[in-house]
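Below: one structure, written as C-alpha coordinates.
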Number of protein chains: 2
Amino acid sequence: MIEYSGQPHYLVAVDCIVFGFDGEHLKILLVKRGLEPEINKWSLMGGFVGANESPDDAANRVLKKMTGLEGVYLEQMQIYGEPGRDPIERTLSVGYFALIDIHKYEAQLNDDYEAEWFLINDRPKLIFDHDQMVADARKKLRYKAALHPILFEMLPKKFTIPQLHILFEEVNDTKIDTRNFSRKITSTGLLIKLAEKDRTGSKKGAFYFKLDKKKYNANSQAFLNLMPNLKI
Amino acid sequence: MIEYSGQPHYLVAVDCIVFGFDGEHLKILLVKRGLEPEINKWSLMGGFVGANESPDDAANRVLKKMTGLEGVYLEQMQIYGEPGRDPIERTLSVGYFALIDIHKYEAQLNDDYEAEWFLINDRPKLIFDHDQMVADARKKLRYKAALHPILFEMLPKKFTIPQLHILFEEVNDTKIDTRNFSRKITSTGLLIKLAEKDRTGSKKGAFYFKLDKKKYNANSQAFLNLMPNLKI
DNA sequence: TCAAAAGTGTTGTCCCTACACCCATGT
DNA sequence: ACATGGGTGTAGGGACAACACTTTTGA
(Lines give C-alpha, C1' and ligand atoms only; values in the text may rest on other atoms or scores of the structure.)
Protein backbone atom coordinates (compact mmCIF):
# COMPACT_ATOMS: atom_id res chain seq x y z
CA MET A 1 0.00 0.00 0.00
CA ILE A 2 1.52 3.24 -1.18
CA GLU A 3 0.98 6.36 0.85
CA TYR A 4 2.38 9.84 1.33
CA SER A 5 3.53 9.14 4.86
CA GLY A 6 4.02 11.82 7.41
CA GLN A 7 2.68 14.76 5.40
CA PRO A 8 0.35 17.11 7.26
CA HIS A 9 -3.32 17.32 6.33
CA TYR A 10 -5.44 20.43 6.41
CA LEU A 11 -8.98 21.59 6.21
CA VAL A 12 -9.83 23.18 2.89
CA ALA A 13 -12.63 25.69 2.62
CA VAL A 14 -14.17 27.98 0.04
CA ASP A 15 -15.26 31.58 0.61
CA CYS A 16 -17.40 33.50 -1.83
CA ILE A 17 -17.45 37.24 -2.34
CA VAL A 18 -20.93 37.76 -3.74
CA PHE A 19 -21.42 40.99 -5.68
CA GLY A 20 -24.78 42.46 -6.53
CA PHE A 21 -26.10 45.70 -7.97
CA ASP A 22 -29.30 47.37 -6.83
CA GLY A 23 -29.48 49.88 -9.66
CA GLU A 24 -27.48 52.47 -7.79
CA HIS A 25 -24.67 50.87 -5.86
CA LEU A 26 -22.40 47.89 -5.81
CA LYS A 27 -23.15 45.61 -2.88
CA ILE A 28 -21.87 42.45 -1.31
CA LEU A 29 -23.78 39.73 0.42
CA LEU A 30 -22.60 38.77 3.89
CA VAL A 31 -23.80 36.24 6.43
CA LYS A 32 -23.77 36.00 10.20
CA ARG A 33 -21.38 33.20 10.95
CA GLY A 34 -23.11 30.20 12.46
CA LEU A 35 -20.24 28.43 14.15
CA GLU A 36 -17.51 29.11 16.66
CA PRO A 37 -15.17 30.86 16.76
CA GLU A 38 -16.41 34.36 15.97
CA ILE A 39 -20.01 33.13 15.94
CA ASN A 40 -22.52 35.84 14.98
CA LYS A 41 -19.86 38.02 13.44
CA TRP A 42 -20.25 38.93 9.78
CA SER A 43 -18.37 36.84 7.29
CA LEU A 44 -18.30 35.74 3.67
CA MET A 45 -20.37 32.81 2.55
CA GLY A 46 -18.20 29.79 2.94
CA GLY A 47 -17.94 26.15 3.75
CA PHE A 48 -15.60 23.21 3.81
CA VAL A 49 -14.74 21.23 0.72
CA GLY A 50 -16.40 17.85 1.07
CA ALA A 51 -14.83 14.48 0.37
CA ASN A 52 -16.45 13.98 -3.01
CA GLU A 53 -16.41 17.44 -4.49
CA SER A 54 -13.91 19.83 -6.00
CA PRO A 55 -13.50 23.36 -4.62
CA ASP A 56 -15.56 24.61 -7.57
CA ASP A 57 -18.31 22.16 -6.66
CA ALA A 58 -18.14 23.30 -3.06
CA ALA A 59 -18.47 26.96 -3.98
CA ASN A 60 -21.50 26.22 -6.11
CA ARG A 61 -23.03 24.14 -3.36
CA VAL A 62 -22.49 26.85 -0.76
CA LEU A 63 -24.04 29.46 -3.02
CA LYS A 64 -27.00 27.24 -3.79
CA LYS A 65 -27.54 26.50 -0.13
CA MET A 66 -27.31 30.10 1.04
CA THR A 67 -28.94 31.98 -1.81
CA GLY A 68 -31.06 29.37 -3.52
CA LEU A 69 -29.44 30.26 -6.84
CA GLU A 70 -27.89 27.91 -9.34
CA GLY A 71 -25.78 28.57 -12.41
CA VAL A 72 -24.29 31.68 -10.86
CA TYR A 73 -21.26 33.37 -12.44
CA LEU A 74 -18.43 32.17 -10.28
CA GLU A 75 -14.74 32.69 -10.70
CA GLN A 76 -11.86 31.31 -8.75
CA MET A 77 -9.69 34.05 -7.39
CA GLN A 78 -6.81 32.73 -5.33
CA ILE A 79 -5.99 30.59 -2.35
CA TYR A 80 -5.57 32.00 1.11
CA GLY A 81 -3.24 29.81 3.05
CA GLU A 82 -1.23 31.65 5.68
CA PRO A 83 -0.61 29.21 8.55
CA GLY A 84 -2.35 31.34 11.17
CA ARG A 85 -5.32 32.68 9.23
CA ASP A 86 -7.82 30.54 11.10
CA PRO A 87 -7.10 30.57 14.84
CA ILE A 88 -8.66 27.18 15.58
CA GLU A 89 -7.04 24.95 13.07
CA ARG A 90 -5.05 25.30 9.93
CA THR A 91 -7.50 25.91 7.11
CA LEU A 92 -6.75 26.89 3.56
CA SER A 93 -9.48 28.73 1.78
CA VAL A 94 -10.12 29.13 -1.91
CA GLY A 95 -11.58 32.57 -2.62
CA TYR A 96 -14.25 32.94 -5.30
CA PHE A 97 -16.09 35.93 -6.53
CA ALA A 98 -19.67 35.61 -7.68
CA LEU A 99 -21.85 37.99 -9.67
CA ILE A 100 -25.57 37.72 -9.17
CA ASP A 101 -28.70 39.57 -10.07
CA ILE A 102 -29.75 41.01 -6.75
CA HIS A 103 -33.43 40.82 -7.64
CA LYS A 104 -33.24 37.18 -8.51
CA TYR A 105 -31.74 36.62 -5.11
CA GLU A 106 -34.46 38.47 -3.27
CA ALA A 107 -37.08 36.49 -5.11
CA GLN A 108 -35.88 33.24 -3.65
CA LEU A 109 -34.24 34.27 -0.45
CA ASN A 110 -33.22 31.48 1.81
CA ASP A 111 -34.22 32.53 5.30
CA ASP A 112 -32.28 29.78 7.02
CA TYR A 113 -29.27 32.06 7.00
CA GLU A 114 -28.96 35.57 8.27
CA ALA A 115 -27.73 37.12 5.09
CA GLU A 116 -27.70 40.78 4.25
CA TRP A 117 -26.58 43.06 1.44
CA PHE A 118 -24.10 45.78 2.32
CA LEU A 119 -22.78 48.67 0.33
CA ILE A 120 -19.30 47.72 -0.79
CA ASN A 121 -17.92 50.86 0.78
CA ASP A 122 -19.89 50.63 4.00
CA ARG A 123 -19.70 47.14 5.33
CA PRO A 124 -18.99 45.70 8.76
CA LYS A 125 -15.58 44.39 9.63
CA LEU A 126 -15.30 40.75 8.69
CA ILE A 127 -13.70 37.78 10.41
CA PHE A 128 -10.22 36.40 9.76
CA ASP A 129 -8.75 37.60 6.47
CA HIS A 130 -12.11 38.12 4.79
CA ASP A 131 -11.58 41.87 4.49
CA GLN A 132 -8.48 41.16 2.47
CA MET A 133 -10.46 38.77 0.30
CA VAL A 134 -13.06 41.44 -0.40
CA ALA A 135 -10.36 43.94 -1.34
CA ASP A 136 -8.77 41.40 -3.67
CA ALA A 137 -12.11 40.50 -5.21
CA ARG A 138 -12.94 44.12 -5.83
CA LYS A 139 -9.65 44.61 -7.61
CA LYS A 140 -10.04 41.49 -9.67
CA LEU A 141 -13.60 42.38 -10.62
CA ARG A 142 -12.42 45.75 -11.85
CA TYR A 143 -9.60 44.23 -13.81
CA LYS A 144 -11.72 41.58 -15.45
CA ALA A 145 -14.65 43.87 -16.16
CA ALA A 146 -12.38 46.30 -17.99
CA LEU A 147 -11.58 43.63 -20.54
CA HIS A 148 -14.45 41.19 -20.58
CA PRO A 149 -18.20 41.59 -20.66
CA ILE A 150 -19.04 40.09 -17.29
CA LEU A 151 -21.00 42.84 -15.56
CA PHE A 152 -24.14 41.81 -17.40
CA GLU A 153 -24.26 38.98 -14.90
CA MET A 154 -25.36 41.45 -12.24
CA LEU A 155 -28.27 42.82 -14.24
CA PRO A 156 -31.69 41.36 -15.04
CA LYS A 157 -32.30 39.71 -18.41
CA LYS A 158 -33.69 43.01 -19.69
CA PHE A 159 -31.63 46.07 -18.86
CA THR A 160 -31.01 49.57 -20.17
CA ILE A 161 -27.78 51.24 -21.20
CA PRO A 162 -28.07 53.83 -18.42
CA GLN A 163 -28.30 51.00 -15.87
CA LEU A 164 -25.20 49.39 -17.33
CA HIS A 165 -23.51 52.76 -17.29
CA ILE A 166 -24.09 53.31 -13.60
CA LEU A 167 -22.87 49.80 -12.90
CA PHE A 168 -19.62 50.41 -14.78
CA GLU A 169 -19.11 53.63 -12.88
CA GLU A 170 -19.73 51.89 -9.58
CA VAL A 171 -17.35 49.03 -10.28
CA ASN A 172 -14.61 51.33 -11.47
CA ASP A 173 -15.34 54.09 -9.02
CA THR A 174 -15.10 56.72 -11.70
CA LYS A 175 -17.20 58.85 -14.05
CA ILE A 176 -17.66 57.71 -17.63
CA ASP A 177 -19.06 59.88 -20.42
CA THR A 178 -22.58 58.57 -21.03
CA ARG A 179 -22.51 59.31 -24.74
CA ASN A 180 -19.28 57.53 -25.50
CA PHE A 181 -20.24 54.70 -23.20
CA SER A 182 -23.47 53.84 -24.95
CA ARG A 183 -21.74 53.81 -28.31
CA LYS A 184 -18.89 51.68 -27.10
CA ILE A 185 -21.11 49.14 -25.44
CA THR A 186 -23.47 48.80 -28.39
CA SER A 187 -20.55 48.56 -30.80
CA THR A 188 -19.47 45.32 -29.13
CA GLY A 189 -22.38 43.70 -30.93
CA LEU A 190 -23.31 41.82 -27.79
CA LEU A 191 -26.58 43.63 -27.18
CA ILE A 192 -29.95 43.14 -28.79
CA LYS A 193 -32.27 46.11 -28.64
CA LEU A 194 -35.81 45.36 -27.55
CA ALA A 195 -38.95 47.26 -28.52
CA GLU A 196 -39.87 48.00 -24.94
CA LYS A 197 -38.71 51.00 -22.94
CA ASP A 198 -38.04 51.54 -19.27
CA ARG A 199 -39.78 54.75 -18.28
CA THR A 200 -39.04 54.77 -14.58
CA GLY A 201 -35.84 56.75 -14.97
CA SER A 202 -36.88 59.52 -17.33
CA LYS A 203 -39.68 60.97 -19.39
CA LYS A 204 -38.14 59.86 -22.63
CA GLY A 205 -37.49 56.37 -21.43
CA ALA A 206 -34.54 54.14 -22.19
CA PHE A 207 -34.73 51.16 -24.46
CA TYR A 208 -34.31 47.74 -22.92
CA PHE A 209 -31.60 45.49 -24.26
CA LYS A 210 -30.85 41.85 -23.79
CA LEU A 211 -27.64 39.95 -24.19
CA ASP A 212 -26.90 38.13 -27.42
CA LYS A 213 -26.10 34.86 -25.69
CA LYS A 214 -24.52 33.32 -28.72
CA LYS A 215 -22.05 36.15 -29.26
CA TYR A 216 -21.56 36.51 -25.53
CA ASN A 217 -20.45 32.92 -25.13
CA ALA A 218 -18.25 33.17 -28.19
CA ASN A 219 -16.66 36.45 -27.13
CA SER A 220 -16.36 36.05 -23.40
CA GLN A 221 -12.66 35.44 -23.82
CA ALA A 222 -12.05 38.40 -26.12
CA PHE A 223 -10.39 41.57 -24.98
CA LEU A 224 -12.76 44.45 -25.36
CA ASN A 225 -11.31 47.58 -23.79
CA LEU A 226 -14.54 48.53 -22.10
CA MET A 227 -13.00 51.26 -19.99
CA PRO A 228 -11.69 54.54 -21.31
CA ASN A 229 -8.09 55.40 -20.43
CA LEU A 230 -7.50 51.90 -19.33
CA LYS A 231 -5.30 51.93 -16.26
CA ILE A 232 -5.36 49.83 -13.16
CA MET B 1 -11.87 23.57 23.13
CA ILE B 2 -13.44 24.66 19.86
CA GLU B 3 -12.89 22.58 16.79
CA TYR B 4 -14.32 21.99 13.34
CA SER B 5 -15.41 18.47 14.15
CA GLY B 6 -15.89 15.85 11.54
CA GLN B 7 -14.61 17.81 8.56
CA PRO B 8 -12.29 15.92 6.24
CA HIS B 9 -8.63 16.88 5.96
CA TYR B 10 -6.54 16.74 2.83
CA LEU B 11 -3.02 16.94 1.62
CA VAL B 12 -2.22 20.23 -0.06
CA ALA B 13 0.55 20.48 -2.62
CA VAL B 14 2.03 23.00 -4.99
CA ASP B 15 3.08 22.36 -8.58
CA CYS B 16 5.18 24.76 -10.60
CA ILE B 17 5.17 25.18 -14.35
CA VAL B 18 8.63 26.59 -14.95
CA PHE B 19 9.05 28.44 -18.24
CA GLY B 20 12.38 29.29 -19.79
CA PHE B 21 13.65 30.64 -23.10
CA ASP B 22 16.84 29.48 -24.80
CA GLY B 23 16.94 32.24 -27.38
CA GLU B 24 14.92 30.28 -29.88
CA HIS B 25 12.17 28.37 -28.19
CA LEU B 26 9.93 28.39 -25.17
CA LYS B 27 10.75 25.53 -22.81
CA ILE B 28 9.52 24.03 -19.59
CA LEU B 29 11.50 22.40 -16.85
CA LEU B 30 10.37 18.94 -15.79
CA VAL B 31 11.63 16.48 -13.22
CA LYS B 32 11.64 12.73 -12.88
CA ARG B 33 9.28 12.03 -10.03
CA GLY B 34 11.07 10.63 -7.00
CA LEU B 35 8.24 8.92 -5.14
CA GLU B 36 5.54 6.38 -5.72
CA PRO B 37 3.17 6.22 -7.44
CA GLU B 38 4.37 6.93 -10.98
CA ILE B 39 7.98 7.03 -9.79
CA ASN B 40 10.45 7.93 -12.56
CA LYS B 41 7.73 9.40 -14.74
CA TRP B 42 8.08 13.03 -15.75
CA SER B 43 6.20 15.57 -13.71
CA LEU B 44 6.11 19.21 -12.71
CA MET B 45 8.19 20.43 -9.83
CA GLY B 46 6.06 20.11 -6.79
CA GLY B 47 5.87 19.38 -3.11
CA PHE B 48 3.56 19.38 -0.16
CA VAL B 49 2.68 22.50 1.76
CA GLY B 50 4.38 22.28 5.14
CA ALA B 51 2.85 23.04 8.49
CA ASN B 52 4.45 26.45 8.88
CA GLU B 53 4.34 27.83 5.39
CA SER B 54 1.79 29.25 3.00
CA PRO B 55 1.37 27.77 -0.48
CA ASP B 56 3.38 30.71 -1.85
CA ASP B 57 6.17 29.90 0.59
CA ALA B 58 6.02 26.27 -0.44
CA ALA B 59 6.29 27.09 -4.13
CA ASN B 60 9.33 29.28 -3.50
CA ARG B 61 10.90 26.60 -1.36
CA VAL B 62 10.36 23.92 -4.00
CA LEU B 63 11.85 26.12 -6.70
CA LYS B 64 14.83 26.98 -4.54
CA LYS B 65 15.41 23.35 -3.70
CA MET B 66 15.14 22.09 -7.26
CA THR B 67 16.74 24.91 -9.25
CA GLY B 68 18.87 26.70 -6.69
CA LEU B 69 17.22 29.98 -7.68
CA GLU B 70 15.66 32.54 -5.37
CA GLY B 71 13.51 35.56 -6.09
CA VAL B 72 12.02 33.92 -9.14
CA TYR B 73 8.95 35.41 -10.83
CA LEU B 74 6.15 33.24 -9.52
CA GLU B 75 2.44 33.62 -9.99
CA GLN B 76 -0.41 31.67 -8.53
CA MET B 77 -2.61 30.20 -11.20
CA GLN B 78 -5.44 28.15 -9.77
CA ILE B 79 -6.19 25.23 -7.54
CA TYR B 80 -6.60 21.72 -8.86
CA GLY B 81 -8.89 19.81 -6.59
CA GLU B 82 -10.88 17.12 -8.35
CA PRO B 83 -11.43 14.32 -5.83
CA GLY B 84 -9.71 11.64 -7.91
CA ARG B 85 -6.78 13.59 -9.34
CA ASP B 86 -4.22 11.80 -7.18
CA PRO B 87 -4.89 8.06 -7.12
CA ILE B 88 -3.29 7.43 -3.73
CA GLU B 89 -4.91 9.97 -1.52
CA ARG B 90 -6.95 13.09 -1.94
CA THR B 91 -4.54 15.91 -2.65
CA LEU B 92 -5.34 19.43 -3.71
CA SER B 93 -2.64 21.19 -5.63
CA VAL B 94 -2.05 24.88 -6.15
CA GLY B 95 -0.64 25.52 -9.60
CA TYR B 96 2.01 28.21 -10.10
CA PHE B 97 3.80 29.38 -13.15
CA ALA B 98 7.36 30.58 -12.91
CA LEU B 99 9.50 32.51 -15.37
CA ILE B 100 13.23 32.06 -15.15
CA ASP B 101 16.32 32.94 -17.07
CA ILE B 102 17.37 29.58 -18.42
CA HIS B 103 21.07 30.52 -18.34
CA LYS B 104 20.92 31.50 -14.71
CA TYR B 105 19.45 28.09 -14.03
CA GLU B 106 22.13 26.21 -15.89
CA ALA B 107 24.77 28.13 -13.99
CA GLN B 108 23.65 26.73 -10.69
CA LEU B 109 22.01 23.50 -11.61
CA ASN B 110 21.05 21.31 -8.72
CA ASP B 111 22.07 17.82 -9.69
CA ASP B 112 20.20 16.17 -6.86
CA TYR B 113 17.15 16.09 -9.08
CA GLU B 114 16.81 14.71 -12.55
CA ALA B 115 15.53 17.84 -14.17
CA GLU B 116 15.44 18.59 -17.87
CA TRP B 117 14.27 21.31 -20.19
CA PHE B 118 11.75 20.34 -22.85
CA LEU B 119 10.35 22.23 -25.79
CA ILE B 120 6.90 23.34 -24.81
CA ASN B 121 5.48 21.65 -27.88
CA ASP B 122 7.50 18.49 -27.60
CA ARG B 123 7.36 17.24 -24.06
CA PRO B 124 6.71 13.85 -22.53
CA LYS B 125 3.33 12.97 -21.15
CA LEU B 126 3.10 14.01 -17.53
CA ILE B 127 1.54 12.37 -14.50
CA PHE B 128 -1.92 13.01 -13.08
CA ASP B 129 -3.45 16.26 -14.34
CA HIS B 130 -0.11 17.95 -14.96
CA ASP B 131 -0.69 18.15 -18.71
CA GLN B 132 -3.80 20.16 -18.02
CA MET B 133 -1.81 22.41 -15.71
CA VAL B 134 0.74 23.07 -18.44
CA ALA B 135 -2.00 23.91 -20.92
CA ASP B 136 -3.58 26.30 -18.42
CA ALA B 137 -0.25 27.89 -17.61
CA ARG B 138 0.53 28.43 -21.26
CA LYS B 139 -2.79 30.17 -21.75
CA LYS B 140 -2.37 32.32 -18.69
CA LEU B 141 1.17 33.27 -19.66
CA ARG B 142 -0.07 34.39 -23.04
CA TYR B 143 -2.88 36.37 -21.53
CA LYS B 144 -0.76 38.08 -18.96
CA ALA B 145 2.14 38.78 -21.31
CA ALA B 146 -0.18 40.50 -23.76
CA LEU B 147 -0.98 43.13 -21.14
CA HIS B 148 1.94 43.27 -18.76
CA PRO B 149 5.68 43.37 -19.22
CA ILE B 150 6.56 40.05 -17.64
CA LEU B 151 8.50 38.25 -20.36
CA PHE B 152 11.66 40.16 -19.43
CA GLU B 153 11.83 37.74 -16.54
CA MET B 154 12.93 35.03 -18.96
CA LEU B 155 15.81 37.02 -20.43
CA PRO B 156 19.23 37.88 -19.05
CA LYS B 157 19.85 41.30 -17.52
CA LYS B 158 21.17 42.50 -20.87
CA PHE B 159 19.07 41.57 -23.88
CA THR B 160 18.39 42.78 -27.40
CA ILE B 161 15.11 43.73 -29.03
CA PRO B 162 15.38 40.87 -31.56
CA GLN B 163 15.69 38.42 -28.65
CA LEU B 164 12.61 39.88 -27.04
CA HIS B 165 10.86 39.74 -30.38
CA ILE B 166 11.44 36.04 -30.82
CA LEU B 167 10.29 35.43 -27.27
CA PHE B 168 7.03 37.25 -27.87
CA GLU B 169 6.49 35.26 -31.03
CA GLU B 170 7.16 32.02 -29.21
CA VAL B 171 4.82 32.78 -26.36
CA ASN B 172 2.03 33.88 -28.63
CA ASP B 173 2.76 31.35 -31.33
CA THR B 174 2.45 33.96 -34.04
CA LYS B 175 4.48 36.27 -36.25
CA ILE B 176 4.94 39.88 -35.22
CA ASP B 177 6.28 42.63 -37.49
CA THR B 178 9.81 43.28 -36.25
CA ARG B 179 9.72 46.95 -37.11
CA ASN B 180 6.54 47.78 -35.30
CA PHE B 181 7.53 45.56 -32.42
CA SER B 182 10.76 47.36 -31.64
CA ARG B 183 8.99 50.70 -31.70
CA LYS B 184 6.18 49.53 -29.49
CA ILE B 185 8.45 47.96 -26.95
CA THR B 186 10.79 50.94 -26.72
CA SER B 187 7.85 53.32 -26.49
CA THR B 188 6.84 51.74 -23.19
CA GLY B 189 9.76 53.61 -21.68
CA LEU B 190 10.73 50.52 -19.73
CA LEU B 191 13.98 49.90 -21.58
CA ILE B 192 17.32 51.56 -21.18
CA LYS B 193 19.61 51.36 -24.20
CA LEU B 194 23.17 50.32 -23.49
CA ALA B 195 26.23 51.26 -25.48
CA GLU B 196 27.20 47.66 -26.14
CA LYS B 197 26.03 45.57 -29.07
CA ASP B 198 25.37 41.90 -29.48
CA ARG B 199 27.09 40.83 -32.70
CA THR B 200 26.39 37.12 -32.60
CA GLY B 201 23.16 37.44 -34.55
CA SER B 202 24.13 39.72 -37.41
CA LYS B 203 26.85 41.84 -38.96
CA LYS B 204 25.31 45.08 -37.89
CA GLY B 205 24.74 43.93 -34.37
CA ALA B 206 21.80 44.70 -32.10
CA PHE B 207 22.02 47.05 -29.18
CA TYR B 208 21.67 45.61 -25.72
CA PHE B 209 19.00 46.99 -23.44
CA LYS B 210 18.33 46.61 -19.78
CA LEU B 211 15.14 47.03 -17.84
CA ASP B 212 14.42 50.31 -16.10
CA LYS B 213 13.69 48.67 -12.75
CA LYS B 214 12.10 51.74 -11.27
CA LYS B 215 9.58 52.16 -14.06
CA TYR B 216 9.12 48.43 -14.32
CA ASN B 217 8.08 48.12 -10.71
CA ALA B 218 5.83 51.16 -11.00
CA ASN B 219 4.19 49.98 -14.22
CA SER B 220 3.94 46.26 -13.73
CA GLN B 221 0.24 46.63 -13.08
CA ALA B 222 -0.45 48.83 -16.08
CA PHE B 223 -2.16 47.61 -19.22
CA LEU B 224 0.17 47.94 -22.14
CA ASN B 225 -1.31 46.28 -25.22
CA LEU B 226 1.92 44.58 -26.14
CA MET B 227 0.35 42.37 -28.79
CA PRO B 228 -1.02 43.57 -32.11
CA ASN B 229 -4.62 42.66 -32.88
CA LEU B 230 -5.14 41.65 -29.32
CA LYS B 231 -7.29 38.53 -29.22
CA ILE B 232 -7.14 35.49 -27.07
C1' DT C 1 -43.68 75.05 -22.55
C1' DC C 2 -40.16 73.37 -20.00
C1' DA C 3 -37.17 70.26 -17.58
C1' DA C 4 -34.61 66.15 -17.67
C1' DA C 5 -32.71 62.23 -19.34
C1' DA C 6 -31.61 59.44 -23.72
C1' DG C 7 -29.03 59.06 -27.36
C1' DT C 8 -26.83 60.69 -31.98
C1' DG C 9 -23.35 63.79 -34.54
C1' DT C 10 -18.96 65.80 -35.15
C1' DT C 11 -14.24 66.70 -34.87
C1' DG C 12 -9.48 66.55 -33.85
C1' DT C 13 -5.98 63.62 -32.03
C1' DC C 14 -3.49 59.83 -31.33
C1' DC C 15 -2.28 55.19 -32.05
C1' DC C 16 -1.65 51.37 -34.79
C1' DT C 17 -0.47 48.71 -38.83
C1' DA C 18 1.50 47.95 -43.14
C1' DC C 19 5.17 48.46 -45.83
C1' DA C 20 9.35 51.00 -48.01
C1' DC C 21 13.68 52.07 -47.21
C1' DC C 22 18.13 53.16 -45.08
C1' DC C 23 22.01 51.54 -41.89
C1' DA C 24 26.05 49.03 -40.31
C1' DT C 25 29.27 45.65 -40.99
C1' DG C 26 31.61 40.92 -41.60
C1' DT C 27 32.89 38.39 -45.42
C1' DA D 1 30.40 44.99 -53.21
C1' DC D 2 26.92 42.66 -51.20
C1' DA D 3 24.20 39.94 -48.25
C1' DT D 4 22.10 40.10 -43.85
C1' DG D 5 19.74 41.32 -40.22
C1' DG D 6 18.79 45.88 -37.42
C1' DG D 7 16.35 49.81 -37.20
C1' DT D 8 13.77 54.23 -38.78
C1' DG D 9 10.28 56.82 -41.86
C1' DT D 10 5.86 57.43 -43.50
C1' DA D 11 1.15 57.37 -44.73
C1' DG D 12 -3.62 55.71 -44.36
C1' DG D 13 -7.16 54.19 -41.36
C1' DG D 14 -9.54 53.46 -37.26
C1' DA D 15 -10.54 54.14 -32.60
C1' DC D 16 -11.28 57.17 -29.00
C1' DA D 17 -12.29 61.22 -26.04
C1' DA D 18 -14.39 65.59 -25.78
C1' DC D 19 -18.22 68.11 -26.34
C1' DA D 20 -22.65 70.07 -28.96
C1' DC D 21 -26.78 69.00 -30.16
C1' DT D 22 -31.43 66.79 -31.03
C1' DT D 23 -35.11 63.81 -29.39
C1' DT D 24 -38.79 62.38 -26.43
C1' DT D 25 -42.31 62.98 -23.22
C1' DG D 26 -44.41 63.65 -18.48
C1' DA D 27 -45.71 67.31 -15.73
Side-chain angles (χ1 to χ4, degrees), chain A residues 23-24 145-147 149 155 158-170 172 174-210 219 222-232, chain B residues 23-24 145-147 149 155 158-170 172 174-210 219 222-232:
Chain A
E24 294 186 27
L147 297 167
L155 290 174
K158 292 189 309 187
F159 54 86
T160 66
I161 307 267
Q163 279 171 14
L164 202 51
H165 177 242
I166 297 171
L167 176 52
F168 267 79
E169 290 193 334
E170 272 291 301
N172 290 284
T174 183
K175 286 286 165 196
I176 306 171
D177 186 286
T178 50
R179 301 160 290 189
N180 291 333
F181 178 79
S182 71
R183 232 166 321 162
K184 184 177 272 188
I185 210 77
T186 49
S187 77
T188 62
L190 295 173
L191 301 189
I192 299 173
K193 194 177 198 166
L194 304 179
E196 194 186 354
K197 275 191 170 185
D198 167 28
R199 300 197 182 275
T200 60
S202 75
K203 325 276 170 95
K204 184 177 177 181
F207 279 105
Y208 278 115
F209 288 79
K210 67 173 184 179
N219 283 14
F223 285 113
L224 283 173
N225 188 17
L226 296 167
M227 281 299 296
N229 301 318
L230 194 54
K231 291 268 188 306
I232 290 286
Chain B
E24 294 186 26
L147 297 167
L155 291 175
K158 292 187 310 186
F159 53 86
T160 66
I161 306 266
Q163 279 171 13
L164 202 50
H165 176 242
I166 297 170
L167 177 52
F168 267 80
E169 290 192 335
E170 273 291 300
N172 291 283
T174 182
K175 285 286 165 197
I176 306 171
D177 186 287
T178 51
R179 301 160 289 188
N180 292 331
F181 179 80
S182 71
R183 233 166 320 167
K184 184 178 274 190
I185 209 76
T186 49
S187 76
T188 62
L190 294 173
L191 301 189
I192 298 172
K193 194 177 198 166
L194 303 178
E196 193 186 354
K197 275 189 170 185
D198 167 28
R199 300 195 183 278
T200 60
S202 73
K203 327 273 169 100
K204 182 176 177 181
F207 278 106
Y208 278 115
F209 288 80
K210 66 173 183 179
N219 284 16
F223 285 114
L224 284 174
N225 188 18
L226 296 167
M227 282 298 296
N229 301 317
L230 193 54
K231 291 268 188 307
I232 291 288

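By convention in this document, chain letters (A, B, ...) are assigned in the order of the sequence lines, proteins followed by strands, and residues within each chain are numbered from 1.
- Atom NZ in K193(B) sits roughly 13 Å away from atom P in dG6(D) (whole-Å rounding).
- Both S187(A) and S202(A) sit near DNA chain D, but only S187(A) has its closest nucleotide nearer the 5' end.
- Regarding I176(A), its CD1 atom lies at a distance of 14 Å from the P atom of dC16(D), rounded to whole Å.
- For dT23(D), the base has no donor-acceptor partner in the side chain of R179(A) [N/O atoms by modelled type, under 3.5 angstrom].
- Regarding K197(B), its NZ atom lies at a distance of 8 Å from the C1' atom of dT25(C), rounded to whole Å.
- Checking dC19(D), dA5(C), dG5(D) against the side-chain heavy atoms of N180(A) singles out dC19(D) as nearest.
- One atom, CD1 of I185(B), and another, P of dG7(D), lie 13 Å apart when rounded to the nearest Å.
- Judged by distance alone, the side chain of K197(B) and the main-chain N or O of K204(B) form a donor-acceptor pair under 3.5 Å.
- The separation between F207(A) atom CZ and dA5(C) atom P is 18 Å, rounded to whole Å.
- In this structure, the CZ atom of F181(B) is 16 Å from the C1' atom of dT8(D), given to the nearest Å.
- Of the candidates dG26(C), dA18(D), dT8(C), dG26(C) carries the atom nearest the K203(B) side chain, counting heavy atoms from C-beta on.
- For D177(A) and dG9(C), the CG to P distance is 16 Å, given to the nearest whole Å.
- Taking the ring axis of F209(A) as reference, the NZ or CZ atom of K193(A) does not stay both within 45° of it and closer than 6.0 Å to the ring centre.
- The side chain of S182(B) has dT8(D) as its nearest neighbour among dT8(D), dA5(C), dG7(C).
- Rounded to whole Å, the distance from NZ on K184(A) to P on dA18(D) is 11 Å.
- Of the candidates dC19(C), dG6(D), dT8(C), dG6(D) carries the atom nearest the K204(B) side chain, counting heavy atoms from C-beta on.
- A donor-acceptor contact under 3.5 angstrom links the side chains of T200(B) and D198(B), judged on distance only.
- The nucleotide whose nearest atom lies closest to any side-chain atom of R183(A) is, among dG6(D), dC16(D), dT10(C), dT10(C).
- Ring centroids of F181(B) and F168(B) are separated by less than 6.0 Å, placing the two rings close together.
- Counting atom types as modelled, R199(B) pairs no side-chain N or O with a base atom of dG6(D) as donor and acceptor under 3.5 Å.
- With E169(B) contributing its side chain and K175(B) its backbone, the two residues share no donor-acceptor pair below 3.5 Å.
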